[in-house]
Amino acid sequence: MAVPVPWACCAVLAAAAAVVYAQRHSPQETPHVQYERLGSDVTLPCGTANWDAAVTWRVNGTDLAPDLLNGSQLVLRGLELGHSGLYACFHRDSWHLRHQVLLNVGLPPREPVLSCRSNTYPKGFYCSWHLPSPTYIPNTFNVTVLHGSKIMVCEKDPALKNRCHIRYMHLFSTVKYKVSISVSNALGHNTTAITFDEFTIVKPDPPENVVARPVPSNPRRLEVTWQTPSTWPDPESFPLKFFLRYRPLILDQWQHVELSDGTAHTITDAYAGKEYIIQVAAKDNEIGTWSDWSVAAHATPWTEEPRHLTTEAQAPETTASTTSSLAPPPTTKICDPGELGSGGGPSAPFFISVLVTLALAAAAAAAGSLLI
Amino acid sequence: MSYHLPPAPCLLTLLLPPLSLGAPISPAEPISQAYSLALYMQKNTSTLLQTYLQCQGSPFSDPGFSAPELQLSSLPPAAVSFKTWHVLNDRERLSCAQGAFLALTQHLQLVGDDQSDLNPGSPILLAQLGAATLRAQGLLGNMAAIMTALGLPIPPEEDTLGLVPLGAWAFERKCRGYVVTQEYGHWTDRAVRDLALLKAKYPG
């Protein structure tokens, strides 16, 4: 009937649970954690079992072949990363769990790589570190900073694990900083240190918000503006100078301009009609090194709207900004030698301007395949 | 002469009355001149220090010799925290620099005298010390011009060496010269920053 069956079921389940519980919660319930070096040999004893005890070893639940055994001990030769895992030995007949080892295969740490930089001079600097090759096991790092003989606090970065920050104490002195780092893990330990003057590690962040705009009525000009990096704490007391580079997309060679102040510059020798790529870098006026290049700005200089030939009535002004855009405007161009687009100056009769336009279009087409 | 860590910063010695004498002249020109001179001086300061150390023999001439925390109580140290330096007003900034370069000219003169005694066969060192002394005096003059243009009172020249025992023994004299040539470099770096700031504040 229905009533006794559930009770029987419960009893069976309870018994099964008790067996499982007994098997899992044996005296060696927490596995012993062991670290071993990659490539080495290791012998794992089965806890306190005699050498001649009959045991079976398993790794992560999979049986291991008996030829790896030396008595009741498991022998692993030439450890590889794949050997990492949970090893368990069981009494062969009762399947009673005797011992567990959590094996981690790794390497002792090599000499760490340490570097320091200030993008917030003179407020402070940060140091970053990493290991040149992985150890595959957990490492702890310890950083100490000395300014002359004084120990300074290196505050951990809230986001990055391998970085800490030091606040500057003094300007205008040449007391060197010595930053040392030691790294250790279960298999070994290593250290390195660097010594430097604060002004040698200054490298600002790149300028921000680089914008390039065409200048109306000026086909050879581009106006570039940017902002000092927001991380630089005091641009008035510690001014930055800037380096601008620009080139048309179709050329490989950059033009460079160094600017000692101001956050704007007008390029006056752009090739008309060509798209330009422009970048800016920053450096403290006196010390340190140039920043990385900023995010690139793109712009094309102003060109006049091409006119449709058939809709052209007696135009009072035919400023010939239909000049070829493949070469710097030649001296024999038909518009004003000064800044063009003003619309002033003598205007050619309509039919001549048509002829000129056709000739130029032909030249443009022909020269189109010749990149400058 | 005593070696302390560290002497009082120059701010505590400012006892000048805060009066303005009227300043119709533009300070831009003297600031620009002073800035150019300070930049030029800055290019030579580490050479002076290196030459000086080389000529003193061990331990000064040992590679990597450095005792940056030594100070002279008669010479204001250039080292200052950013917070303090940042909020100096024009008068304080220029007075600090002026007091320092006044002390430096006098100390450099003393070091020159010491070295012609200790190292008479080092004409390059003596020439460099002489040049540094002259340039420090030049910068003093430029800074006086800036202060006049800004209507600030120029502090009177006083004897900074005071009771410095001039007949100290050789090691002490060499140490003294090391501190002076090193601080000359630090003060020049600081003067460049001060003048850059003033240049930005009073554009031509």
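Values below: every heavy atom of this structure, side chains too, minus hydrogens, waters and symmetry copies. Reminder, nothing fancy here: chain letters follow the sequence lines and each chain counts from 1.
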Is it the case that over 12 heavy atoms from other parts of the model lie below 6.0 angstrom from the [atom1] atom of [X]?
{"X": "A:Glu258", "atom1": "CD", "answer": "yes"}
{"X": "A:Leu160", "atom1": "CG", "answer": "yes"}
{"X": "A:Asp252", "atom1": "CG", "answer": "no"}
{"X": "B:Tyr40", "atom1": "OH", "answer": "no"}
{"X": "B:Leu134", "atom1": "CG", "answer": "yes"}
{"X": "A:Lys123", "atom1": "NZ", "answer": "no"}

- [ ] Could you tell me whether the side chain of B:Gln42 reaches within less than 4.5 Å of the side chain of A:Glu286, counting heavy atoms only?
- [x] yes
Open item on the list: For a 4.5 angstrom cut-off between non-hydrogen side-chain atoms, does B:His186 reach A:Thr174?
Closed with: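 Yes, their side chains come closer than 4.5 Å.
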- [ ] Give, as side chain, backbone, both or neither, the part of A:Phe238 having an atom under 4.5 angstrom from any heavy atom of chain B.
- [x]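 Answer is both: backbone and side chain atoms of A:Phe238 are under 4.5 Å from chain B.
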- [ ] Check each atom of A:Asp261 against the heavy atoms of chain B and say whether the ones under 4.5 Å are side chain, backbone, both or neither.
- [x]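 Neither; nothing under 4.5 Å.
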- [ ] With a 4.5 angstrom heavy-atom cut-off, could you sort out which part of B:Leu198 is near chain A: side chain, backbone, both or neither?
- [x]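 For B:Leu198, neither part sits under 4.5 Å from chain A.
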Open item on the list: Between B:Glu183 and chain A, with a heavy-atom cut-off of 4.5 Å, which part of the residue counts as in contact: side chain, backbone, both or neither?
Closed with: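 Contact with chain A: none, neither part.
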Once you round to the nearest 0.5 Å, how far does [atom1] of [X] lie from [atom2] of [Y]?
{"X": "B:Arg193", "Y": "A:Ile287", "atom1": "CZ", "atom2": "CD1", "value": "4.5 Å"}
{"X": "A:Tyr121", "Y": "B:Phe82", "atom1": "OH", "atom2": "CZ", "value": "9.5 Å"}
{"X": "A:Asn285", "Y": "B:Leu39", "atom1": "CG", "atom2": "CG", "value": "8.5 Å"}
{"X": "B:Arg93", "Y": "A:Ser237", "atom1": "CZ", "atom2": "OG", "value": "6.5 Å"}

Open item on the list: Taking side chain to side chain contact (heavy atoms under 4.5 Å, CB included) as the criterion, tell me which of B:Asp194, B:Thr188, B:Val192, B:Val80 meets it with A:Phe172.
Closed with: B:Val80
